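Remarks on the structure that follows.
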Number of protein chains: 2
Amino acid sequence: MNKNITMRDIAEKMGVSSVTVSKALNDKEGVSEELKERIKLLAGEMGYRINTVAKSMKEGLTYNIGVVIPERFTGPAQSFYLRVYQEISIALERYGYYGILHILTHEDEKQLNLPRVYYDRKVDGFIILGQISKPYIEAVEQIEQPKLFLDFYDEHADIDSVTTDNFYCAYELTNYLIQQGHRSIAYVGNIYSTSSIQDRYLGYYKSLLEHRIPLKESWILNDRDDEGSFIDIDIPEELPTAFVCNCDQIAHLLVLKLKSLGHRVPEDCSVVGFDNDVFATLTEPHLTTVEVDIEKMAQTAIHSLLRKISSPEVRFGRVLVQGKIIYRESVNEKNKSLQDEVSHH
Amino acid sequence: MNKNITMRDIAEKMGVSSVTVSKALNDKEGVSEELKERIKLLAGEMGYRINTVAKSMKEGLTYNIGVVIPERFTGPAQSFYLRVYQEISIALERYGYYGILHILTHEDEKQLNLPRVYYDRKVDGFIILGQISKPYIEAVEQIEQPKLFLDFYDEHADIDSVTTDNFYCAYELTNYLIQQGHRSIAYVGNIYSTSSIQDRYLGYYKSLLEHRIPLKESWILNDRDDEGSFIDIDIPEELPTAFVCNCDQIAHLLVLKLKSLGHRVPEDCSVVGFDNDVFATLTEPHLTTVEVDIEKMAQTAIHSLLRKISSPEVRFGRVLVQGKIIYRESVNEKNKSLQDEVSHH
DNA sequence: CTGAAAGCGCTTACAG
DNA sequence: CTGAAAGCGCTTACAG
């Protein structure tokens, strides 16, 4: 019905210039309050909608942000990054910005092809959501636009990052296990895989160090190959009394495996996860885990990136977002578990 | 480094006009092959990237599609629509289009506020992904741009839709149960809730009709309230031998409930789901279910919508995408289940 | 085969 | 307080 109403159309109807209409609709100075009101009213009546493309062209801003997620983090069981993207979309709302999702294929990552949004100048900045290969990081560094790593970081790259405080959360979680009397604690995760898994491992290790518990290499259990595909977990001969898993999904698989071997959770061994995703409450018993604050991460990332867009020289470095331990039923006190052990046999 | 290289910059370096550069880079007629090649080469060397905003302004197209998902379909356990959105993003790639996600809040849906992408003229068309309220459908009808309902439809609205063939898939799935000897079959789902749940119910019903099995009202089990929140399922006194669930998640909950009441699945009763999502293989036994072809749905939706953008008069009506039955372990032959019953007691 | 001119719809100085 | 002019970087007729 109202086909492409422009500021000029409004201006002509009002008998003023389009400059005045622009100023009025943008609440700029230089137009009397009374005229402003009349212009806004007429604009509303005429069903005027701004042409942001023209605005963008003039200002040199697209008001779009590119969100790049590597394909390997987007399998059917992995909704975590999609959920982060969702929160990013919501966080962008209040700034008048929009998010454009780009799934980075294995192929493009290997070939170092930058996302099409880049070549199309579709966005004012980039969020790389999820760890990418070293060579691809170097490719991304060439992009002369504001960018931010979300949920991972790379010390070689001088790029700001926002991540959960994986190190500290895993440290606290392990401390909790030790407080519950555990001293034989394994870590489950490929510690060469991502910065998250590595840092969670180091938090676990710090807790052991502080409590003078020696680290046992045979209790660092690999859970995935270098492509990130889960592999069967080797349960060690000498069974630990607790397992710190790098994520809920692997904790879920571990519990299934332990049960199939005849071990009871948490009576025989305790298991903790990380993420507090669907798997945390799908596992029986429900997992004690760390809740990652997706909303806060998205907000922090957007806030930082938009500041970098307006002031390109701003540096944030490595920004950490705190997680929160969620206590559920997958951890037993060690004494209690010993008693159970006796009555069990 | 290469700050805002324009076609003019290339034109000046080459000693031609920017019109010629535009034609060359867009492979239009009117430039000799030899000159085209030289221009493309120089553009590459200079790191030229097109300014799509300027292109958009000239052409009156944004090359963006708005994807609107009601908030209630985006909970922590519901990644289905986000996965559809992901496939939409991928499908748009080949057309040079981009997707912009808008999560429609309860509030905005109630207040009939159209998404901001609409007011900002940010997109050339809309995909409404997931059932919206009747009044909101009417609001959406006012949008004078191409639009499409995805994964639901409304007969009162003259808006094209793309959905899984829920009716036929549920019909086939129920036929399969009957082939396995079942005749006491319940349906689980709020049949007034969404068109999907309703159509799956009707497919189930058609199968009963064809096999002259009377429909029992007491075997239509409600699973959610009007807001879509799951409620506790009432298991009927007289236990059916099979349950057709409207989705895998509810099948998962049903299996837990049946087990807690001492019934074995599939020995005592069979259960089938719909969607083939994470819950299908998280359930023990793994669920026989219908795999929804997300990729095909996304591709069909995009293809249809883009055609409507170039030819606004085109109508597609109700487009159905076939699903596929995935046979797993949650269904027993009726005879077999009777035998087990005997040996069990 | 090549290019000068016009225009898409805004906003930003600048002049009055 | 108000407006004429210029320009953002393309593409589309149209003229040569």
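Bear in mind that the values here come from a model prediction, so they are computed numbers and not experimental data.
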Exercise. For the residue pair A:Lys308 and A:Asp160, what are the closest heavy atoms and their distance?
Worked result: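 For A:Lys308 and A:Asp160, the tightest heavy-atom pair comes out as NZ-OD2, 2.7 Å.
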Could you check how far [atom1] of [X] sits from [atom2] of [N], rounded to whole Å?
{"X": "B:Leu61", "N": "D:dT12", "atom1": "CG", "atom2": "P", "answer": "11 Å"}
{"X": "A:Ile5", "N": "C:dC10", "atom1": "CD1", "atom2": "C1'", "answer": "16 Å"}
{"X": "A:Arg8", "N": "C:dG7", "atom1": "CZ", "atom2": "C1'", "answer": "10 Å"}
{"X": "A:Glu12", "N": "D:dG3", "atom1": "CD", "atom2": "C1'", "answer": "14 Å"}
{"X": "B:Glu59", "N": "D:dG9", "atom1": "CD", "atom2": "C1'", "answer": "12 Å"}
{"X": "B:Asp120", "N": "C:dC10", "atom1": "CG", "atom2": "C1'", "answer": "14 Å"}

Problem set entry | salt bridge (charged side-chain N to carboxylate O under 4.0 Å, His left out) between A:Arg38 and A:Glu34, intermediate numbers included | CA-CA 6 Å; A:Arg38 281 174 47 222; A:Glu34 189 258 336; 3.6 Å; yes
From [options], nucleotide with atom closest to [X] side chain:
{"X": "A:Lys58", "options": "C:dG9, D:dC10, D:dA5", "result": "C:dG9"}
{"X": "B:Ala54", "options": "D:dC8, C:dT12, D:dC10", "result": "D:dC10"}
{"X": "B:Met7", "options": "C:dA4, C:dG9, D:dC10", "result": "D:dC10"}
{"X": "A:Val16", "options": "D:dG3, C:dT11, C:dC10", "result": "D:dG3"}
{"X": "A:Tyr48", "options": "D:dG3, C:dC10, D:dG9", "result": "C:dC10"}

For this session: Could you list by number each residue of residues 20-41 of chain A showing a heavy-atom separation from DNA chain D of less than 4.0 Å, or answer none if no residue does?
Result: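 Residues of residues 20-41 of chain A under 4.0 Å from DNA chain D: A:Thr20, A:Lys23, A:Gly30, A:Val31, A:Ser32, A:Leu35.
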For this session: Take A:Met297 and A:Glu87, measure what side-chain contact (heavy atoms from CB on, under 4.5 Å) needs, and give me the verdict at the end.
Result: CA-CA 9 Å; A:Met297 282 183 70; A:Glu87 289 297 336; over 6 Å; no
Exercise. Counting only heavy atoms not in A:Glu313, do more than 12 sit closer than 6.0 Å to its CD atom?
Worked result: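 Counting other residues, nucleotides and ligands, CD of A:Glu313 exceeds 12 neighbours.
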Problem set entry | side-chain contact (heavy atoms from CB on, under 4.5 Å) assessment of A:Thr105 paired with B:Ile90 | CA-CA 10 Å; A:Thr105 64; B:Ile90 293 169; over 6 Å; no
Problem set entry | Side-chain heavy atoms of B:Leu114 within contact of B:Tyr136, under 4.5 Å |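 Side-chain contact under 4.5 Å: yes.
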For this session: Report yes if some heavy atom in the side chain of B:Leu150 is under 4.5 Å from a heavy atom in the side chain of B:Ile88; otherwise report no.
Result: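 Answer yes - side chains close enough.
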Exercise. How many angstroms lie between CD in A:Gln142 and NZ in A:Lys147, if you round to the nearest 0.5 Å?
Worked result: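 So the CD of A:Gln142 and the NZ of A:Lys147 are separated by 9.0 Å.
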For this session: Toss me the dot-bracket line for DNA chain D: Watson-Crick and G-U wobble, both under 3.5 Å, 5' to 3', using | for pairs to another strand and [ ] for crossers.
Result: |||.||||||||.|||
Exercise. If you find the nucleotide of DNA chain C closest to B:Met57 and the one closest to B:Ser18, which residue's nucleotide is nearer the 5' end?
Worked result: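 On the 5' side of the pair lies B:Ser18.
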Indicate every side-chain donor-acceptor pair of residues 16-28 of chain A with a distance under 3.5 Å to a residue at least two apart or in another chain.
| from | atom 1 | to | atom 2 | distance (Å) |
| --- | --- | --- | --- | --- |
| A:Ser17 | OG | A:Val19 | N | 3.3 |
| A:Ser17 | OG | A:Thr20 | N | 3.3 |
| A:Ser17 | OG | A:Thr20 | OG1 | 3.4 |
| A:Asn26 | ND2 | A:Ser22 | O | 2.9 |
| A:Asp27 | OD1 | A:Lys40 | NZ | 3.1 |
| A:Asp27 | OD2 | A:Lys40 | NZ | 3.2 |

